[in-house]
Amino acid sequence: MRYAILLMGAPYSHQASHSALRFARALVARGHRLEAVFFYHDGVNNASRLAAPPQDEPHLVDAWADLSREHDVSLQVCIAAALRRGLLDEREAARHGKDGSSVTAPFELTGLGQLIDLGTRSDRLVTFGP
């Protein structure tokens, strides 16, 4: 089956991000295809390259990036939600006159149209939120 995940929980404020990551890994381990993860609302914080959790906690940003590289999973970040929270890629940082960026590959800023597309292309769209 082809799955997509909608993640709306911040990485260290709720269990949603950790649960979504475990679910994603279980999917691919069972031979299913994970098309993409769409980060929305506070879930966009999972894409911040500036995250530096304590060493005794999982580094969820790196774990999502590893999943993407290992299984060719698209990591899509809602651009409107990201900009509201100060998360920008290099292009958006330049466009808004900001000094630096906080979102890099494999995460990509996209619009809500991508979420709709995911819903139509996937057999299941599973939501994780606070």
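Here the OG atom belonging to S68 is positioned 9.0 Å from the CD atom belonging to E108, to the nearest 0.5 angstrom. Interatomic distance, L83 CG to L109 CG, rounded to the nearest 0.5 Å: 6.5 Å. Note that the CD atom of E35 and the CZ atom of R121 stand 5.5 Å from one another [nearest 0.5 Å]. In this structure, CG on D99 lies 11.0 Å from CG on L88, to the nearest 0.5 angstrom. The structure places CZ of R25 at 11.5 Å from CG of L27, a figure rounded to the nearest 0.5 Å. Summarising the geometry, atom OG belonging to S19 is positioned 12.0 Å from atom NE2 belonging to H14; distances are rounded to the nearest 0.5 Å.
Heavy-atom minimum distance, P11 versus L60: O-CD1, 3.1 Å. A pairwise comparison of heavy atoms in Y40 and A81 identifies CD1-CB, 4.4 Å as the closest pair. Taking each heavy atom of L67 and V73 in turn, the nearest pair found is O-CG2, 4.1 Å. Taking both residues in full, the closest heavy atoms of P130 and M8 are given as CD-O, 3.7 Å, listed atom of the first, atom of the second, then distance. F107 and A47 get closest at one heavy-atom pair: CD2-CB, 3.5 Å. Smallest separation of non-hydrogen atoms from G9 and N46: O-ND2, 3.1 Å.
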For L34 and H71, what are the C-alpha separation, side-chain angles and deciding distance, and is it a side chain to side chain contact (heavy atoms under 4.5 Å, CB included)? CA-CA 8 Å; L34 179 58; H71 301 286; over 6 Å; no
Trace of the side chain to side chain contact (heavy atoms under 4.5 Å, CB included) decision for L118 with L6: CA-CA 10 Å; L118 277 175; L6 171 61; over 6 Å; no
When you look at E70 and V28, which way does the side chain to side chain contact (heavy atoms under 4.5 Å, CB included) test go after all the steps? CA-CA 10 Å; E70 293 165 11; V28 296; over 6 Å; no
Could you walk me through whether D42 and R85 pass side chain to side chain contact (heavy atoms under 4.5 Å, CB included), step by step? CA-CA 8 Å; D42 285 336; R85 291 162 177 84; 2.8 Å; yes
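One hydrophobic cluster, built from ILVMFWY side chains closer than 4.5 Å, holds both V37 and Y12. Using a 4.5 Å cut-off between side-chain heavy atoms of Ile, Leu, Val, Met, Phe, Trp and Tyr, with links allowed through other members, L112 and L125 fall into the same hydrophobic cluster. The hydrophobic clustering, which links ILVMFWY residues whose side-chain heavy atoms are closer than 4.5 Å, places F39 and F23 together.
Aromatic ring pairs are classed by plane angle as parallel below 30°, tilted from 30° to 60° and perpendicular above 60°; the pair H32 and Y3 is perpendicular.
Using a 4.5 Å heavy-atom cutoff, the side chains of F38 and T110 are in contact. Between D72 and R33, some side-chain heavy-atom pair lies under the 4.5 Å cut-off.
Side-chain atoms of R49 come within 3.5 Å of backbone N or O of S101 as a donor-acceptor pair. Side chain of D89 to backbone of V103: no donor-acceptor contact under 3.5 angstrom is found. Checking side-chain atoms of S122 against main-chain N and O of G119 turns up no donor-acceptor pair under 3.5 Å.
Side chain to side chain, Q76 and S74 meet the donor-acceptor criterion of an N or O pair below 3.5 Å.
Around atom CZ of R124, no more than 12 heavy atoms belonging to other residues, nucleotides or ligands sit under 6.0 Å away.
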